Amino acid sequence: MTLTFEFHGQLLRLSGAREQQLPVAAPLTLQAALDQLAESRPELAAVLGRCACAIGDRLILRRELLQADTRIALLPPVAGG
Amino acid sequence: MTLTFEFHGQLLRLSGAREQQLPVAAPLTLQAALDQLAESRPELAAVLGRCACAIGDRLILRRELLQADTRIALLPPVAGG
Amino acid sequence: MTSPDDPSRIQNQPLALEPLLAWHAFPDCGGLAMFAGTVRDHHDEKSVLSLTYTAYAPLAEKQIREIERAVSSKHGAPYVRVLHRVGPLSIGEVAICCVARAPHRAEAFAACKEAVDRVKHEVPIWKEEFYADGSSAFVEGCCIAPDIEAESPAGGRHEHEHHHHHAHG
Amino acid sequence: MTSPDDPSRIQNQPLALEPLLAWHAFPDCGGLAMFAGTVRDHHDEKSVLSLTYTAYAPLAEKQIREIERAVSSKHGAPYVRVLHRVGPLSIGEVAICCVARAPHRAEAFAACKEAVDRVKHEVPIWKEEFYADGSSAFVEGCCIAPDIEAESPAGGRHEHEHHHHHAHG
């Protein structure tokens, strides 16, 4: 299956892209998927370690299982206001 | 000499007037003047005991001496806002 | 006292909030806190139809400016401004408005809150409430005589006690 | 999300304050507290020319509404509303605006302050600063992953530490 990671905040600048696709073997946990992304993009690894992850309007946990093609928003530390 | 007391807040209602003149023998302290006013208007006495007094934009103390015709604003407990 | 930069603090017309905010000044101030106290439709259990505020303007104008300066300096808020309405007010109308601008929000909030508290408790302004049953009353207030002890029988109420007698927060 | 009564909380146009105040509702609320966070012209020692805010809107819209509800209920403030601007902002422009209305002023202030604090620290919004020297940087922020310990090396900074990295109060 294919995961699509959306980049937000400083990840946009660090990655130079709005999103990235990652082919993975299903099922796997979000943590495992993030590990694979970090491996393929080591320059993002430090920030990925502090990201929240969302599917649509829902935050998901690293232990959750991904079973199908999914779009995942990567949300670095926030600073509103 | 003649003192002119201005009534504000609930003193306006209690006294039914905007002000009242009081002939007094000079010099006397503000406290003595307030005592004479309370004697002549016993219905105001309780509120007079909690009033601040001002001449123009200046608060004056009860021990201050009044030496000439003076206009004194009587300011009952306040409740702004 | 009536220039845009230094308006009368005691106003007998509806308070205009927008000019009070001073948007285009203070580029070093990231926090703007505002408070507006509006006339409530009840007080304790009684239904309120309207209010009338009166003030002793010569002293009120001076004291509000002094409070603004003191609060500004204490909290490092370059801009603190309080206006108070007088005259007859309807439910929902703004009785008091305060704006404080400071580099950060904590100081802006603190300055705004303290300025409002002090103006409500220290400045010669009075509030008469008119009730649905036809009666009216002056709201129990704070004695501001510098030479009367706060512990005197009537003046000794604590702030949090007579709070509940104010028409709004 | 775009009705006057329920506007988008994330806005890419200048924030309109007046409709946010809800003057003509809540006759039982005597206190209205407002906070506006504006773009400051400096951050620590650096001169700031402009900012760009971005947001992950699907979650941000939901979270701001949840914060409004939670703060409203906690403080007994019937009306709490927070709007946040996104896109490029100049010095002095309003980045965040919060209005809280409550029966009394203490609750209005408390609700306004807490809603602003929470939106700044919990909602997926990012701030990129552009400096006079031509450089730019994302402002150090708060990790919002529910399953990452605040004690992690980078996420473990205390609020009062990274406070100073925010562009305004």
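Bear in mind that the values here come from a model prediction, so they are computed numbers and not experimental data.
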Salt-bridge present (C:E129, C:K46; N to O < 4.0 Å)
no
Pairing of C:E66 and C:R9 as salt bridge, 4.0 angstrom limit:
no
List for me each residue that meets ring pair (Phe, Tyr, Trp, His ring centres under 6.0 Å) alongside C:H75, sequence neighbours excluded, and say none if there are none.
none
Applying side-chain contact (heavy atoms from CB on, under 4.5 Å) to C:V48 and C:Y131, what does each step give before you reach the verdict?
CA-CA 4 Å; C:V48 173; C:Y131 306 110; 4.0 Å; yes
Engaged part of C:E122 at the chain B interface, taking heavy atoms whose separation is under 4.5 Å:
backbone
Sequence neighbours excluded, the answer for salt bridge (charged side-chain N to carboxylate O under 4.0 Å, His left out) partners of C:D5 is none
Where does the angle between the aromatic ring planes of B:H8 and C:W126 fall among parallel (under 30°), tilted (30 to 60°) and perpendicular (over 60°)?
parallel
Let's go through C:L32 and C:F26 carefully: what are the C-alpha distance in whole Å and the side-chain angles of both, what is the deciding distance for side-chain contact (heavy atoms from CB on, under 4.5 Å) to 0.1 Å, and is it a yes or a no?
CA-CA 10 Å; C:L32 182 157; C:F26 309 103; over 6 Å; no
Quick one: pull up CE in B:M1 and CD in B:Q67 and give me the separation to the nearest 0.5 Å.
7.5 Å
Working to the nearest 0.5 Å, report the span between SG of B:C53 and CG of B:L74.
5.0 Å
Steps toward side-chain contact (heavy atoms from CB on, under 4.5 Å) verdict (C:E68, C:V82)
CA-CA 7 Å; C:E68 290 171 355; C:V82 186; 4.2 Å; yes
For chain C, which candidate among B:P76, B:A54, B:G49 shows the most heavy-atom pairs at distances under 4.5 Å?
B:P76
Which residues in residues 28-47 of chain B have any heavy atom closer than 4.5 Å to a heavy atom of chain C?
none
Counting only non-hydrogen atoms closer than 4.5 Å, can you tell me which residues of residues 9-24 of chain B sit against chain C?
B:G9, B:Q10, B:R13
